[in-house]
Each structure stands twice: as C-alpha cells, then as structure tokens.
Amino acid sequence: MLDLKSRADLERLIEEKLPESLMLEYKASPALSRTNNGLKELVKDVTALANSAGGQIIYGIPEENGVPQPLDDGVDRAQISPEWIDQVISTNASPRIQNFRVTPISLSEGGSRVAYVLTIPQATSFAPHQNTIDHKYYRRSELRSIPMYDYEIRDILRRATTPELWIDFNFDTGKTTSINFAPNNSVSTPINWLQT
C-alpha cells in the first residue's frame with residue numbers, strides 16, 4: 001500500500017502520473033456523497049477491493065483514462081467526516097471489513113476541505129464482503145468494480161480455510177527430477193527419486 005499522509009504525497013502521484021490499477025483507484029470529490037447512489041458506489045468500491053487484493057481509493061483526485069488529474073477542491077469535512085465514512089462501511093459491508101482505514105489529507109487552510117485516502121486490506125478470515133445496500137458481492141477487475149460469479153464467491157470463501165501451498169525441493173546430490181500431472185488431476189504421478 002502507498003504511504004499517503006500529505007498533500008505533497010498526493011501531488012507526487014499526479015506528477016508521476018501513477019495510473020490506476022487493481023489496487024489503486026482515483027475518484028473526484030463529488031463521488032463521495034450522501035445520496036443513495038453515492039453510498040452504494042462507496043460500499044461497492046470498498047468491498048470490491050477487499051474481495052480482490054486490497055488497495056486504496058483516493059477521493060480528491062479526478063482521473064482521465066486511469067491517469068490522475070490535478071487535485072480538485074476536496075470534500076467538505078463538516079459534511080463528510082472520516083467517522084461517517086467508517087460508519088457507512090461498517091454498517092453496509094457484511095461481514096465488517098477488518099483494519100479498514102480512512103486518512104484525511106488537508107487541501108485547504110484550516111483543514112475544512114480534505115482529500116480522503118481509504119485503505120482497504122485484502123479480505124482473508126472474514127471473506128467475502130457483501131454490499132448490503134444492493135445485496136451483491138463485487139470484485140476488482142482491471143479498473144472497475146464488477147459483480148462476482150458464484151464460483152468467485154466460493155473461491156474467496158476458501159481463503160480462510162485453504163492455505164496457499166508450495167513445495168521447495170533441494171537435492172544435495174545434484175540430481176534432478178520432474179513432477180508430472182495427468183490431465184485434469186490435482187495429484188502428481190509418483191516422483192522417482194532415483195532418476196538423474
């Protein structure tokens with residue numbers, strides 16, 4: 001995750017033209033609103049990132065074709081506070097997203113106008129997350145949040161119970177062997193340790 005704490009950090013993203021990705025999304029400040037559509041989009045985008053690889057959403061940086069544009073005027077902190085954003089996510093993402101973080105970054109004198117950096121970790125133990133506003137599960141695909149298919153939901157459900165496995169072979173004798181799998185079989189053929 002990017003370490004974003006100041007206006008200079010945000011301006012550096014714009015200067016370097018760091019594009020949107022699977023784990024980074026830019027949004028103009030008006031996208032963060034109290035309307036029904038605004039709430040639905042907020043929860044959709046946050047749950048999609050949690051259900052994918054995790055990531056960050058930055059409100060206050062518009063984008064064009066995935067490339068960040070200059071900072072906008074920001075969000076009125078009196079209208080939309082970090083606590084309000086946290087409450088919206090806590091009450092509309094099921095199960096609750098663990099370690100979700102909202103970081104305000106001042107864009108004006110006195111801090112009344114801010115950009116928000118939402119940091120969303122990848123869901124593991126409590127996954128997948130459903131948007132309870134529209135009762136759908138979303139995931140991040142390229143630069144969009146899209147509804148998930150049943151098999152994708154089942155795959156994410158396995159994150160908490162099925163570890164990622166790998167095997168590392170080291171042969172002190174310098175001998176090698178190969179591991180072969182029959183078509184459509186997840187178990188390899190027997191490994192012959194005596195082959196060279």
To the nearest 0.5 Å, how far apart are [atom1] in [X] and [atom2] in [Y]?
| X | Y | atom1 | atom2 | value |
| --- | --- | --- | --- | --- |
| Arg158 | Ile153 | CZ | CD1 | 12.0 Å |
| Arg113 | Gln79 | CZ | CD | 9.0 Å |
| Ile85 | Leu39 | CD1 | CG | 11.0 Å |
| Asn37 | Ile133 | CG | CD1 | 10.0 Å |
| Tyr59 | Asp72 | OH | CG | 12.0 Å |
| Leu10 | Leu18 | CG | CG | 11.5 Å |

### Task
Start with the C-alpha distance between Gln130 and His135, add both sets of side-chain angles, then the distance that settles side-chain contact (heavy atoms from CB on, under 4.5 Å), and finish with yes or no.
CA-CA 6 Å; Gln130 181 186 41; His135 307 290; 3.9 Å; yes
Do you know which two heavy atoms are closest between [X] and [Y], and how far apart they sit?
| X | Y | answer |
| --- | --- | --- |
| Leu107 | Arg7 | O-NH1, 2.9 Å |
| Met148 | Asn51 | SD-ND2, 3.9 Å |
| Ala115 | Gly60 | CB-CA, 4.4 Å |
| Asp45 | Ser145 | OD1-OG, 3.0 Å |
| Glu11 | Leu71 | CG-CD1, 3.7 Å |
| Ala127 | Ala123 | CB-CB, 3.5 Å |

Answer yes or no: are there more than 12 heavy-atom neighbours, outside [X] itself, under 6.0 Å from its atom [atom1]?
| X | atom1 | result |
| --- | --- | --- |
| Asp150 | CG | yes |
| Arg34 | CZ | yes |
| Asp76 | CG | yes |

Transitive ILVMFWY side-chain link [X] to [Y], under 4.5 Å:
| X | Y | result |
| --- | --- | --- |
| Trp84 | Val43 | yes |
| Met23 | Val117 | no |
| Leu22 | Val46 | no |
| Tyr149 | Ile156 | no |
| Leu32 | Phe100 | yes |

Do side-chain atoms of [X] reach the backbone of [Y] as a donor and acceptor pair under 3.5 angstrom?
| X | Y | result |
| --- | --- | --- |
| Asn92 | Val88 | yes |
| Glu20 | Tyr26 | yes |
| Arg96 | Phe126 | no |
| Gln69 | Val67 | yes |
| Ser141 | Arg144 | no |

### Query
Is the shortest heavy-atom distance from the side chain of Ser52 to the side chain of Gln122 under 4.5 Å?
no
### Test item: Pro104 and Arg77 side chains (from C-beta on) under 4.5 Å apart, heavy atoms
yes
### Task
Could you give me the CA-CA distance, side-chain angles and deciding distance for Lys27 and Ile57, then say whether side-chain contact (heavy atoms from CB on, under 4.5 Å) is met?
CA-CA 7 Å; Lys27 297 265 189 188; Ile57 303 171; 3.8 Å; yes
### Message
Using side-chain contact (heavy atoms from CB on, under 4.5 Å), reason through Leu24 and Ile58 one step at a time and then give a plain yes or no.
### Response
CA-CA 8 Å; Leu24 178 63; Ile58 303 171; 3.9 Å; yes
#### Entry: Test: Glu41 and Lys44 ion pair at under 4.0 Å
yes
### side-chain contact (heavy atoms from CB on, under 4.5 Å) partner of Ile89, the single match among Ile97, Ile120, Leu118, Val102
Ile97
### Task
Check the pair Ile146, Arg139 against side-chain contact (heavy atoms from CB on, under 4.5 Å), reporting the backbone distance first and the verdict last.
CA-CA 6 Å; Ile146 61 171; Arg139 70 174 173 86; 3.5 Å; yes
